[in-house]
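Since the structure comes first, as structure tokens, the remarks are kept for the end.
Here is how names work: the chains are called A, B, and so on, in the same order as the sequence lines, proteins then strands, and each is numbered from 1.
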2 protein chains.
Amino acid sequence: MNKNKVISPFKPASHQHQKCLKSAIDAAKKHCELSGLRLTPIRQRVLELVWQNHEPVKAYDILDNLKKGKSSSAPPTVYRALDFLQDEGLVHKIESLNAYVGCNNPKELHNSQFFICDDCGAVAELDDVDIRELLQKKAHRFGFRIADEMVEIKGQCKECHESGV
Amino acid sequence: MNKNKVISPFKPASHQHQKCLKSAIDAAKKHCELSGLRLTPIRQRVLELVWQNHEPVKAYDILDNLKKGKSSSAPPTVYRALDFLQDEGLVHKIESLNAYVGCNNPKELHNSQFFICDDCGAVAELDDVDIRELLQKKAHRFGFRIADEMVEIKGQCKECHESGV
DNA sequence: AATGTAATGTTATAATATAACATTTATGGA
DNA sequence: TCCATAAATGTTATATTATAACATTACATT
């Protein structure tokens, strides 16, 4: 059995994003219920905004959107919600972009590998055992104990280089 | 023949850092000469400051140090020098820390994998073919063309967990 | 209701990075 | 040598990303 997971593939140009969004929110609700945590209106709204599409979203863009609905939002409003969501594995930060993507696999905290299309901005997320094991093996050679892994691969997704010039 | 390289290992507590620094600067000089590029005083000074030690250095710390020597330095002074040095592979940015480390292997541009000790801050840099090939293989499966790879692994280096509490 | 904790509101500011334009310095050709 | 050009640096301002600190409100339990 292959335990490698494609947590989130590149999405075809048109997919039912409403369903996609709904299932992410439902998963988050369930996760929080099971963990005895509160997915407050602000947190849920931020999560929805992160899930606007399959591209990394900027904190201040989330803030702008929050302000449209409700007046009293400031940077801490967003960053606190993002911190909560990150702690619960509902959102990941893409360090090389200072931006955030939703994750629909909150059950277990995991290390992810991100593939980011420079053209369309879409992100695919893997949780790949082979990669983890190889990094582990390499680290082991010089006695390094891994606590956290960041793997962010930039390039061109299939759609983009097939349709590209 | 194993083409995997340890570009920069974790340094033992005491090593001859002056030599280390000098050889990095010499390599940079040579590289620029061969490429017909100018390692101007500012660029060299910034490179020296990046090489202060084997920890990632912050842009504004470099700026503070620059100011000590010479009055007229502003953020662009540092960022321009860092851009130049990054383009030449003399410096890498650690995205997850917003900080910069020196690289003594400018000859060929390469992808690097960084192992960063959370305790002592030291960074080791690999240019590991196995990792590159595995990422390549994984990407290939869904038609992704890799342009750039960021691999930043956080944890505890051998020294630190052996001497640790 | 009283209490303690978690969440949010609010203001200010820190930290990181770039834009835009002026000036100076190097470089190669007339 | 001198000029024209490009490259590098100076300078001011501002954009972007993120956190500190403290006040207030909402929630959960007794």
Task: Output field: ring centroids Phe115(A)/Phe142(B) closer than 6.0 Å - done: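 Centroid distance Phe115(A)-Phe142(B): below 6.0 Å, so yes.
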
Task: Validation row, ring centre Tyr100(B) to ring centre His92(B) under 6.0 Å - done: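 No, they do not, as the ring centres are separated by 6.0 Å or more.
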
Separation of atom [atom1] in [X] from atom [atom2] in [N], rounded to whole Å:
X	N	atom1	atom2	answer
Asp87(A)	dA6(C)	CG	P	14 Å
Asp83(A)	dA20(D)	CG	P	10 Å
Ile62(A)	dT16(D)	CD1	P	16 Å
Lys58(A)	dT16(C)	NZ	P	15 Å
Tyr79(B)	dA19(C)	OH	P	13 Å
Lys93(B)	dT18(C)	NZ	P	7 Å
Arg43(B)	dA7(D)	CZ	C1'	8 Å
Asp61(A)	dA15(D)	CG	P	15 Å

Between [options], which nucleotide has the shortest distance from any of its atoms to the side chain of [X]?
X	options	answer
Thr40(B)	dA18(D), dA17(C), dA8(D)	dA8(D)
Ala74(A)	dG9(C), dA18(D), dT11(C)	dT11(C)
Pro76(A)	dT8(C), dT11(D), dA20(D)	dA20(D)
Tyr100(A)	dG10(D), dA17(C), dA18(D)	dA18(D)
Asn98(A)	dA18(D), dG9(C), dA17(C)	dA18(D)
Ile42(A)	dT8(C), dA20(D), dA18(D)	dT8(C)

Open item on the list: Using a 4.0 Å heavy-atom cut-off, does Arg38(B) contact any base of the nucleic acid, only the sugar-phosphate backbone, or nothing at all?
Closed with: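 The answer is sugar-phosphate, as Arg38(B) gets under 4.0 Å only of primed atoms, P, OP1 or OP2.
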
Open item on the list: For a quick check of understanding: with a heavy-atom distance under 4.0 Å over all strands, which category does Arg80(B) fall into, base, sugar-phosphate or nothing?
Closed with: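 If one applies the 4.0 Å heavy-atom cut-off, Arg80(B) turns out to touch a base.
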
TODO: Return no unless some side-chain N or O of Ser73(A) is found under 4.0 Å from OP1 or OP2 of dG9(C).
DONE: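 Checking dG9(C) against Ser73(A), no side-chain N or O comes under 4.0 Å of OP1 or OP2.
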
Open item on the list: Is there a side-chain contact between Ser72(B) and the phosphate of dT9(D), meaning an N or O under 4.0 Å from OP1 or OP2?
Closed with: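 So the side-chain polar atoms of Ser72(B) never come under 4.0 Å of the phosphate oxygens OP1 or OP2 of dT9(D).
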
Task: Salt bridge flag under 4.0 Å for residues Asp128(A) and Arg132(A) - done: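 So Asp128(A) does not pair with Arg132(A) through a salt bridge.
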
Open item on the list: So, taking the atom named CD in Gln156(A) and the one named CZ in Phe144(B), what distance separates them when rounded to the nearest 0.5 Å?
Closed with: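 One finds 8.5 Å between CD of Gln156(A) and CZ of Phe144(B).
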
TODO: Report the distance from atom CG of Asp127(A) to atom CD of Gln113(A), rounding to the nearest 0.5 Å.
DONE: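 Going from CG on Asp127(A) over to CD on Gln113(A), the span is 6.0 Å.
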
Task: Ring-on-base stacking dT16(C) with Tyr60(B) (under 5.5 Å, under 30°) - done: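 It does: the ring sits over the base of dT16(C).
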
